[in-house]
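Chain naming here is simple, since letters A, B, ... match the order of the sequence lines and numbering starts at 1 in each. Note that this is a predicted model, so its numbers are computed, not measured. FYI, side chains are in, hydrogens and waters are out, and symmetry mates aren't considered; it's all heavy atoms of this structure.
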Protein chains: 2
Amino acid sequence: MSQVQSQRMQSMCESAKAHVDDLLVLLSKSKMLSILYIMNCDKEPMRFSEIKKRVNSSSTTVARRLAELEDHGLVTRTAFATVPATVMYELTDDAITLQPSLESMFEWVLNRADSSV
Amino acid sequence: MSQVQSQRMQSMCESAKAHVDDLLVLLSKSKMLSILYIMNCDKEPMRFSEIKKRVNSSSTTVARRLAELEDHGLVTRTAFATVPATVMYELTDDAITLQPSLESMFEWVLNRADSSV
DNA sequence: GTAACAGGTTACAACATTGTTACAAAAGAA
DNA sequence: TTCTTTTGTAACAATGTTGTAACCTGTTAC
């Protein structure tokens with residue numbers, strides 16, 4: 001850990017610790033890392049059905065995860081009045097800054113999964 | 001996503017996908033990222049009580065997480081016959097290769113928590 | 001003999017999360 | 001008119017996870 005980070009850690013007030021925990025809880029929810037990773041691969045806005053198909057989970061869970069991401073300002077939701085409905089989800093700039101970490105973490109996961117087969 | 005990764009994704013057999021999911025589920029368990037991060041900061045072997053204190057969780061949960069990490073070959077557990085007992089946990093080389101991702105992810109989390117106060 | 005310590009385990013009740021099923025809206029196609 | 005589509009939501013039972021409280025080991029100190 002760098003000295004700057006260490007100092008920041010130590011000087012952090014309770015409310016910031018709560019925010020850190022909050023974010024870690026968010027990121028630790030089921031399928032959350034996958035959703036963020038998938039959306040970061042294709043930088044384009046993505047439809048609900050496409051996300052659902054790629055993470056291979058129920059509508060309920062995907063809808064919940066996307067709502068939580070929206071609540072935290074990590075995705076934007078845009079609905080188009082087509083028939084049938086079209087809804088696009090897009091990562092915010094803040095979420096995009098998480099990309100290097102995600103990519104590096106998934107690379108580790110893929111390598112480990114590979115070598116364990 | 002790089003072309004190499006993309007190809008690896010597509011050519012992955014079902015069992016590898018299962019391994020990926022397994023790892024993502026592991027990493028998504030409560031306190032797991034924190035434990036890995038903390039142990040990666042201090043590279044030294046760490047005592048159970050120290051880990052427990054730093055992640056601020058119950059013995060039960062910390063013990064469960066450490067056992068899961070050991071099962072996955074990400075930490076080693078070494079018991080010393082001192083009185084009272086001393087047990088040291090240490091990241092394996094494999095787990096240490098996850099460090100850059102973790103550090104970068106926690107930096108993102110800390111920055112976001114900071115700016116949301 | 002009993003208190004204290006680290007490092008747990010076990011049982012269990014409370015709580016959280018999941019997927020399933022049913023439903024809805026809106027409009028164009030058959 | 002009814003079917004189809006996408007994008008969800010609501011209710012609910014099943015399942016999973018958590019912390020708490022009690023207990024255990026082994027040895028040294030009182």
Chemist: If the condition is side chain to side chain contact (heavy atoms under 4.5 Å, CB included), which residues does A/Ile38 pass it with, not counting sequence neighbours?
Modeler: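 Partners of A/Ile38 by the side chain to side chain contact (heavy atoms under 4.5 Å, CB included) criterion, ordered by chain and then number, come out as A/Met46, A/Arg54, A/Val55.
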Chemist: Give me the other members of the hydrophobic cluster that A/Val83 sits in, counting Ile, Leu, Val, Met, Phe, Trp and Tyr linked by side-chain heavy atoms under 4.5 Å, directly or via other members.
Modeler: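 Besides A/Val83, the cluster holds no residue at all.
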Chemist: B/Lys52 NZ to D/dT18 P: how many Å, rounded?
Modeler: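 Interatomic distance, NZ of B/Lys52 to P of D/dT18: 14 Å.
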Chemist: Give me the atom names and distance for the closest heavy-atom approach of A/Asn40 to A/Ala95.
Modeler: ND2-O, 3.9 Å
Chemist: Without decimals, in angstroms, what is the distance between B/Lys53 NZ and C/dC5 P?
Modeler: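 So the two atoms are 15 Å apart, to the nearest Å.
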Chemist: Taking transitive links into account, so neighbours of neighbours count too, which hydrophobic residues share a cluster with B/Phe80 at under 4.5 Å side-chain distance?
Modeler: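 B/Met88, all in the cluster of B/Phe80.
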Chemist: Please give, in whole Å, the distance from D/dG8 C1' to A/Met46 CE?
Modeler: 19 Å
Chemist: Going by heavy atoms closer than 4.0 Å, what residues in residues 72-84 of chain A are next to DNA chain C?
Modeler: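 Going residue by residue through residues 72-84 of chain A, the ones with a heavy atom under 4.0 Å of DNA chain C turn out to be A/Val83.
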Chemist: Rounding to an integer number of Å, can you tell me how far B/Met88 CE sits from C/dA6 C1'?
Modeler: 12 Å
Chemist: Distance check needed: C/dT18 P versus B/Asp21 CG, whole Å only.
Modeler: 14 Å
Chemist: Sequence neighbours excluded, which residues qualify as side chain to side chain donor-acceptor pair (under 3.5 Å) partners of A/Ser115?
Modeler: none
Chemist: Report the residue (A/Asn56 or B/Ser49) whose heavy-atom-nearest nucleotide on DNA chain C is the more 5′ of the two.
Modeler: B/Ser49
Chemist: Give the ring-plane orientation class for A/Tyr37 versus A/Phe106, where under 30° counts as parallel, over 60° as perpendicular and anything between as tilted.
Modeler: parallel
Chemist: If the condition is side chain to side chain contact (heavy atoms under 4.5 Å, CB included), which residues does A/Thr97 pass it with, not counting sequence neighbours?
Modeler: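 B/Trp108.
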Chemist: Is the backbone N or O of A/Ser57 less than 3.5 Å from a side-chain atom of A/Lys52, with the two atoms forming a donor-acceptor pair by type?
Modeler: yes
Chemist: Just jot down the side chain to side chain donor-acceptor pair (under 3.5 Å) partners of A/Ser101, sequence neighbours excluded, or say none.
Modeler: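 Here the qualifying residues are B/Ser104.
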Chemist: Could you tell me how far apart A/Lys31 (NZ) and C/dT18 (P) are, to the nearest whole angstrom?
Modeler: 10 Å
Chemist: To the nearest Å, give me how far apart CZ (A/Phe48) and P (D/dT6) are.
Modeler: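 Checked: the CZ to P distance equals 12 Å.
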Chemist: What integer distance in Å separates A/Glu68:CD from D/dT9:P?
Modeler: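 My rounded result for the distance is 12 Å.
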Chemist: Go through the structure and list residues passing side chain to side chain donor-acceptor pair (under 3.5 Å) with B/Ser49, not counting sequence neighbours.
Modeler: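 Partners of B/Ser49 by the side chain to side chain donor-acceptor pair (under 3.5 Å) criterion come out as none, since no residue qualifies.
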Chemist: For DNA chain C, what residues of residues 58-67 of chain A have any heavy atom nearer than 4.0 Å?
Modeler: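 DNA chain C contact set from residues 58-67 of chain A: A/Ser58, A/Thr60, A/Thr61, A/Arg64, A/Arg65.
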Chemist: At under 4.0 Å, does any side-chain N or O of A/Tyr89 touch on OP1 or OP2 of D/dG8?
Modeler: yes
Chemist: Restricting to side chain to side chain contact (heavy atoms under 4.5 Å, CB included), what partner residues turn up for A/Ala79, sequence neighbours left out?
Modeler: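 By the side chain to side chain contact (heavy atoms under 4.5 Å, CB included) rule, A/Ala79 matches A/Arg77, A/Val87.
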Chemist: Can you give the donor-acceptor pairs under 3.5 Å from side chains of residues 22-29 of chain B to other protein atoms, not counting sequence neighbours?
Modeler:
from: B/Asp22; atom 1: OD2; to: B/His72; atom 2: NE2; distance (Å): 3.1
from: B/Ser28; atom 1: OG; to: B/Leu24; atom 2: O; distance (Å): 2.8

Chemist: Base, sugar-phosphate alone, or nothing: which one does B/Lys29 contact when heavy atoms must sit under 4.0 Å apart?
Modeler: sugar-phosphate
Chemist: Please report how far the helix from C/dG1-D/dC30 to C/dA30-D/dT1 bends, comparing the axis fitted to its first five pairs with the axis fitted to its last five, to the nearest 10 degrees.
Modeler: 30°
Chemist: Select one nucleotide: of D/dG8, C/dT18, C/dG8, the one nearest the side-chain heavy atoms of A/Ser30.
Modeler: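 Side chain of A/Ser30 sits closest to C/dT18.
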